[in-house]
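Fair warning: this is a prediction, and the values are worked out from it, not measured in the lab.
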Amino acid sequence: MKIATWNVNSLKVRLPHLLRYLEADTAPDILLLQELKCQTDDVPRADIEALGYHVEAVGQKTYHGVAIISKQPISVVLRHLPGDETDEQARYLEADIAGLRVAALYLPNGNPVETEKYPYKLGWMARLADRAATLLAEDRPFLLGGDYNICPTDVDLYDPVGWRDDALVRPESRAAFRRLLNLGLTEAFHALHPHAAHVYSFWDYQAGAWQRDNGLRIDHLLLSPALADRLEACEIDKEPRGWERASDHTPVWCRLREVA
DNA sequence: ATGCCCGGAACGTCCGGA
């Protein structure tokens with residue numbers, strides 16, 4: 001079972017890339033998408049279904065939007081992260097697939113930190129921790145994957161000093177991410193590559209960041225204990241970031257051992 | 001310095017069809 005996450009930065013613009021990714025013989029069984037930047041009804045589901053995948057999405061006009069694409073049927077559990085009924089941003093989709101609970105999430109960026117955007121980010125992370133605690137208490141195998149907009153440590157970005165005060169790096173942001181892990185979740189890439197440094201999943205469009213490898217590692221796959229026991233591989237696939245008219249993010253994937 | 005690039009929305013212009 002291969003599960004991937006990819007912030008496509010506009011599903012409409014990136015549809016050819018998505019189809020190319022899904023057509024490859026290395027295609028994932030489950031793909032979590034972020035930043036659809038389109039309404040739910042405008043998701044090009046027929047193009048995706050034609051490749052043998054199921055699609056579920058929660059979108060909105062212009063901003064955000066997440067989706068789950070799967071070879072096996074998807075049973076949606078939640079279309080919003082619980083804990084704030086006034087939050088209408090399309091950032092969370094949780095579903096059951098083949099006995100597995102999976103969530104696609106697009107965690108708020110949080111910049112600029114002196115605005116209400118930063119407390120919104122931290123509040124969203126607290127709600128995510130509450131949700132993870134609930135899933136852990138239910139003792140079910142689950143994966144929370146997506147664009148976390150968090151560089152967990154200083155080796156996860158090219159210029160820690162320059163970015164010190166950024167919402168992706170600040171101590172409060174990292175502490176909130178650690179609280180999530182400390183509930184008992186395993187960040188897949190770090191678990192299998194504990195000494196990896198300067199391996200990224202995002203490169204800004206500006207200032208030749210991709211060419212200079214000035215990146216950030218902000219896309220993560222978090223596993224429940226039962227799934228962490230099944231983790232056999234996790235990699236960042238840099239290839240799609242090099243394609244023409246690429247997203248600024250590239251896919252991160254993991255492979256889970258099949259259970260007997 | 002705070003843009004650099006890119007996307008969408010809105011708008012403007014051009015083009016093809018009627």
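Closest to the side chain of A/K61, out of B/dA10, B/dC6, B/dG7, is B/dA10. Closest to the side chain of A/T62, from the set B/dA9, B/dG7, B/dC4, is B/dA9. Distance from the side chain of A/Q206 is smallest to B/dC5 among B/dG8, B/dG7, B/dC5.
A cation-pi arrangement, defined by a distance under 6.0 Å to the six-membered ring centre and an angle within 45 degrees of its axis, is absent between A/R217 and A/Y200.
Rounded to whole angstrom, the span from the NE2 atom of A/H17 across to the P atom of B/dC6 amounts to 12 Å. One atom, CH2 of A/W203, and another, C1' of B/dC5, lie 17 Å apart when rounded to the nearest Å. One atom, CG of A/N214, and another, P of B/dG3, lie 19 Å apart when rounded to the nearest Å. Rounding to whole angstrom units, CG of residue A/L36 and C1' of B/dG8 are separated by 14 Å. When the C1' atom of B/dC6 is taken as reference, atom CG of A/N109 falls 15 Å away, rounded to whole Å. Note: OH (A/Y63) to P (B/dG8) measures 12 Å, nearest angstrom. The nearest whole Å value for the distance from the NE2 atom in A/H249 to the P atom in B/dC6 is 15 Å. Atom CD in A/Q211 sits about 17 Å away from atom P in B/dC4, given to the nearest Å.
Residue A/S10 places none of its side-chain N or O atoms closer than 4.0 Å to OP1 or OP2 of B/dC6. Look at A/R14 and you'll find a side-chain N or O under 4.0 angstrom from OP1 or OP2 of B/dG7.
Between the A/Y205 side chain and the A/A246 main chain, a donor and an acceptor come within less than 3.5 Å of each other. With hydrogens and angles ignored, the 3.5 Å screen pairs a side-chain donor or acceptor of A/R174 with a backbone N or O of A/T153.
In this structure, A/Y92 has its ring center at least 6.0 angstrom away from the ring center of A/H80.
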